[in-house]
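First the structure, in the form of structure tokens, and then the observations on it.
What you are looking at is a predicted structure, and each value in this text was computed from that prediction instead of being measured. Basis for what follows: all heavy atoms, side chains included, without hydrogens, waters or symmetry-related copies.
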Amino acid sequence: MLLPVSDPTRTGKARAFLRDGFSDYVAARVLLLDNLPQQGAILSSTALEKCAKAFIALRGEKVAKTHLKPEHWEALLAHDANAQTLFDNDFVQLNQRVYGMRYTGDLPNGFNLVIASREFLAELDHMVSIIVSALKIYENGQRQKSFFEKANARGDDRVLRENHTIIGPSKSLFIALRPQLVYEVRRDAKRGLVEVTYSTREPAKVAGFLRPGLQPTGDGRSVEFSHWPVSPPDGSADYGIIVSESG
């Protein structure tokens, strides 16, 4: 994909972005696996932003100090148009959107997203594996191992734990292997900000990372979740759903 680059100025800047991006990636994995999908997704966004900026730095171009934008991925696609088929563009757009959740009080009316923790983690690991295989940095004629490769070699559990790109199974089997936590948020003029968090064993009702969450129903008095919540063993109506609502 990306041609080898050995210019010390360009590689130095790229490695700095990759180092910071890898740290955010590790933190995102820990949070997603420890049932903090909102916080994990925010760090995923900054991780992908910094990794994408590494491509721009390797091209010798000035890197703007902005959060994840569509143009960041153009640096990857400029080297291989087929890269578009290797990652899910909806996942990139979701990561762009979650950045706004740093301040939920500032979210605009109409803001809406869904984060399903295992699905999100599986795609994040897949994206990082693409980036690692795409970036080739050389110093003194030798290819430098990525931070990801070094963590894998030393057995870093923060990277290896439930990483389907390293230990398997396939992405789809990984998602279905055990229940996942789902976080949904929507802000509108009628209800204000509404957030729900619940567990599910079922696939999403609508495919794709940009699926609607807390979708208002026809009567306007209730909303529909993106997944079917897990039913409790005693058959009660309490699904263990945590709801936060503010006008």
Side-chain angles (χ1 to χ4, degrees), residues 24-25 27-49 67-68 70 87-128 162 164 171-218 220-231 239-246:
D24 287 351
Y25 164 65
R29 295 197 86 256
V30 171
L31 291 168
L32 288 164
L33 288 168
D34 286 349
N35 295 326
L36 290 167
Q38 178 185 359
Q39 293 75 14
I42 292 171
L43 280 172
S44 167
S45 177
T46 60
L48 295 182
E49 167 207 323
H67 60 273
L68 189 61
F87 62 83
D88 191 314
N89 189 58
D90 283 356
F91 181 70
V92 176
Q93 291 187 50
L94 177 59
N95 274 269
Q96 293 168 209
R97 193 179 296 177
V98 300
Y99 191 79
M101 291 195 303
R102 295 173 304 141
Y103 305 101
T104 54
D106 294 336
L107 294 176
N109 286 334
F111 185 90
N112 173 233
L113 59 77
V114 176
I115 300 168
S117 57
R118 291 183 68 81
E119 175 193 52
F120 193 101
L121 176 62
E123 194 64 31
L124 174 61
D125 286 336
H126 175 69
M127 283 288 298
V128 171
E162 297 204 59
H164 77 96
K171 189 191 305 181
S172 59
L173 288 177
F174 169 82
I175 296 169
L177 192 60
R178 54 178 58 98
Q180 64 178 333
L181 199 68
V182 178
Y183 168 81
E184 304 188 27
V185 59
R186 179 180 289 271
R187 177 183 281 280
D188 59 39
K190 181 179 180 180
R191 295 181 179 82
L193 179 70
V194 181
E195 302 168 276
V196 298
T197 304
Y198 58 91
S199 293
T200 185
R201 290 192 180 94
E202 302 297 326
K205 298 174 185 177
V206 177
F209 285 99
L210 301 181
R211 66 178 65 93
L214 300 173
Q215 180 73 31
T217 59
R221 294 189 296 242
S222 58
V223 294
E224 182 178 1
F225 293 173
S226 64
H227 296 68
W228 293 106
V230 171
S231 298
Y239 291 101
I241 298 169
I242 301 173
V243 180
S244 173
E245 184 169 358
S246 63

(request) Taking Ser44 for its side chain and Ala28 for its backbone only, find out whether a donor-acceptor pair lies under 3.5 Å. (result) no

(message) Determine whether a donor-acceptor pair (N or O, by modelled atom type, separation under 3.5 Å) exists between the side chain of Ser45 and the backbone of Val98.
(response) no

(message) Between Ser226 (side chain only) and Pro212 (backbone N and O only), is there a donor and an acceptor less than 3.5 Å apart?
(response) no

(message) Quick check against the 3.5 Å criterion: does Arg97 have a side-chain atom that pairs as donor or acceptor with the backbone of Asn112?
(response) yes

(message) Rounded to the nearest 0.5 Å, what separates atom CG in Asp106 from atom CG in Leu193?
(response) 11.0 Å

(request) For Arg187 and Phe111, indicate whether the former's side chain and the latter's backbone hold a donor-acceptor pair under 3.5 Å. (result) no

(message) Show the nearest heavy-atom pair for residues Ala122 and Ile175, with the distance to one decimal.
(response) CB-CG1, 4.1 Å

(message) With a 3.5 Å distance limit and no angle check, can you tell me whether Thr46 reaches the backbone of Leu43 through a side-chain donor-acceptor pair?
(response) yes

(message) Looking at every non-hydrogen atom in both residues, tell me the closest pair between Thr217 and Glu224 and how far apart they are.
(response) CG2-N, 4.2 Å

(request) State which residue, out of Lys171, Arg118, Arg29, fulfils the salt bridge (charged side-chain N to carboxylate O under 4.0 Å, His left out) condition with Glu162. (result) Arg118

(request) Give, for atom CD1 of Ile42 and atom CG of Leu36, the distance between the pair rounded to the nearest 0.5 Å. (result) 10.5 Å

(message) Does any part of the side chain of Val185, heavy atoms only, come nearer than 4.5 Å to the side chain of Met101, both counted from C-beta?
(response) yes

(message) Is there a side-chain contact between Phe174 and Leu121 in this structure, where contact means two heavy atoms from C-beta onward sitting under 4.5 Å apart?
(response) yes

(request) Classify the ring geometry between Tyr198 and Phe225 as parallel (under 30°), tilted (30 to 60°) or perpendicular (over 60°). (result) parallel

